[in-house]
Amino acid sequence: MKQLLEFLGVVALLQGGAGLVYEVTGWLRWSLVHRLGLLDGNEVYASVALVVLAFALFAAAESRKPG
């Protein structure tokens, strides 16, 4: 379970980080945040939420026992 939480945290961090980088620089358009029409106009908020979710997943993974 710990490894699953860490994996999901990495995915969320990459997607959120890529979304923020795209909003600032215009690079890395491969983020899922920009592919969803549902989030039009709210991409920055969704990207920040993904980064926060990633840190929450990392904290949850650390609180779990190994195995």
Sequence neighbours left out, what passes side chain to side chain contact (heavy atoms under 4.5 Å, CB included) with Thr25? Give chain and number order.
Val21, Trp27
Taken in chain and number order and not counting sequence neighbours, the residues that satisfy ring-ring contact (aromatic ring centres under 6.0 Å, His included) with Tyr22 are His34
Please table the atom pairs, donor to acceptor, closer than 3.5 Å between any side-chain atom in residues 3-18 and protein atoms at least two apart or in another chain.
from	atom 1	to	atom 2	distance (Å)
Gln15	OE1	Leu32	N	2.7

For the hydrophobic clusters of this structure (ILVMFWY residues joined by side-chain heavy atoms under 4.5 Å, transitively), does one cluster hold both Leu57 and Val33?
yes
Show me the side-chain donor-acceptor pairs of residues 35-53 shorter than 3.5 Å, one per line, residues at least two apart or across chains.
from	atom 1	to	atom 2	distance (Å)
Glu43	OE1	Gly41	N	3.2
Ser47	OG	Glu43	O	2.9

